[in-house]
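Encoded as structure tokens, the structure appears first; notes follow it.
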Amino acid sequence: MSQRTLVLLKPDAVQRGLIGEILGRIERKAGWTISALEMRTLDRSLLEQHYAEHVGREFYEPLVAFMSAGPVVSMIVEGERVIEGVRALAGPTDPIAAPSGSIRGDFGTITRENLIHASDSEESAEREIKIFFPGIS
Ligand code: CMP
């Protein structure tokens, strides 16, 4: 089943020089393609839309501060079961609990600074793609 998903390489991944490492893992999956790609620093209003479900959580304000502190790489990735697949490559939210071989397990230690975001469902993917790539339908 071909799908598309919204992937973000968070400011920690960009600042640490891990764009190529992470992009390479995505590109090497058979049949997956990156169909849109952009690097920019995100503003608060975009992050408020993206993280609407987390408003009011104790980690929300530090998360918005972190996510707006430096450039992010945003992309649309398309391919077979890519929603589940990129989340499997990423590993669970807490990098210490993430297995070796996953992006978070190999490179992360702090839950907030967990390197990568990937949409968790087809509905989230369509919502998030509209936020980050409003010109792409
Ligand atoms: P992600 O799953 O991409 O989207 C929500 C983000 O909030 C998550 O990655 C982390 O960056 C951050 N986050 C989630 N839970 C916590 C937490 N308990 N403490 C700090 N940050 C968190």
Side-chain angles (χ1 to χ4, degrees):
M1 178 192 24
S2 188
Q3 299 176 320
R4 60 182 191 163
T5 191
L6 188 279
V7 176
L8 304 177
L9 308 188
K10 298 183 179 183
D12 56 330
V14 174
Q15 195 265 327
R16 291 172 58 197
L18 292 170
I19 297 173
E21 170 70 42
I22 299 171
L23 269 184
R25 292 181 183 210
I26 293 170
E27 277 196 303
R28 289 198 294 271
K29 291 290 280 186
W32 288 4
T33 57
I34 296 168
S35 61
L37 182 77
E38 184 181 59
M39 183 160 87
R40 65 172 151 150
T41 302
L42 305 179
D43 62 25
R44 188 176 175 98
S45 75
L46 184 143
L47 286 163
E48 282 175 352
Q49 293 177 61
H50 179 62
Y51 286 128
E53 67 182 295
H54 298 306
V55 172
R57 307 281 287 273
E58 85 287 344
F59 61 80
Y60 178 76
E61 287 297 336
L63 175 64
V64 170
F66 161 65
M67 287 296 294
S68 56
V72 160
V73 173
S74 53
M75 68 189 108
I76 302 172
V77 187
E78 304 193 0
E80 181 70 19
R81 294 175 66 198
V82 73
I83 294 173
E84 179 189 356
V86 179
R87 289 178 69 84
L89 284 186
T93 305
D94 175 1
I96 296 296
S100 294
S102 68
I103 293 162
R104 289 166 171 165
D106 286 351
F107 302 114
T109 48
I110 301 170
T111 298
R112 179 169 49 249
E113 298 176 22
N114 62 0
L115 300 137
I116 181 168
H117 166 85
S119 309
D120 64 7
S121 66
E122 290 194 22
E123 296 69 34
S124 302
E126 293 313 306
R127 187 182 76 84
E128 293 170 3
I129 285 169
K130 277 200 190 76
I131 294 170
F132 283 84
F133 295 97
I136 294 176
S137 57

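First listed ligand is number 1; within each ligand, the first listed atom is number 1.
Counting only heavy atoms of the protein, atom 12 (C) of ligand 1 lies nearest to Leu63 CD1, 3.8 Å. Scanning the protein heavy atoms around atom 19 (N) of ligand 1, the nearest turns out to be Phe59 CB, 3.7 Å. Of the protein's non-hydrogen atoms, the one nearest atom 9 (O) of ligand 1 is Lys10 NZ, 2.9 Å.
Those atoms of ligand 1 with a heavy atom of His54 less than 4.0 angstrom away are 5 (C). Numbered from 1 in the order shown, with element, the atoms of ligand 1 that lie under 4.0 Å from a heavy atom of Tyr51 read 4 (O), 5 (C).
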Please table the atom pairs, donor to acceptor, closer than 3.5 Å between any side-chain atom in residues 50-67 and protein atoms at least two apart or in another chain.
{"unit_1": "Glu61", "atom_1": "OE1", "unit_2": "Arg44", "atom_2": "NH1", "d": "3.2"}
{"unit_1": "Glu61", "atom_1": "OE1", "unit_2": "Arg44", "atom_2": "NH2", "d": "3.4"}
{"unit_1": "Glu61", "atom_1": "OE2", "unit_2": "Arg44", "atom_2": "NH2", "d": "2.8"}

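Using a distance-only test at 3.5 Å, with no hydrogens or angles considered, no donor-acceptor pair links the side chain of Asn114 to the main chain of Arg104. The backbone N or O of Asp12 lies less than 3.5 Å from no partner atom in the side chain of Glu113, so there is not a single donor-acceptor pair. A donor-acceptor contact shorter than 3.5 Å is absent between the side chain of Asp106 and the backbone of Ser100. Without hydrogens or angle criteria, Gln3 side chain to Val82 main chain gives a donor-acceptor distance under 3.5 Å.
Contact annotation: for Arg57 versus ligand 1, there are no heavy atoms closer than 4.0 Å.
In this structure the side chain of Thr109 never reaches within 4.5 angstrom of the side chain of Pro95, judged on heavy atoms.
Residue Arg104 holds the heavy atom nearest to atom 2 (O) of ligand 1 of all those in Arg112, Glu53, Arg104.
Taking any N or O of Asn114, backbone or side chain, at least one lies under 3.5 Å from an N or O belonging to ligand 1.
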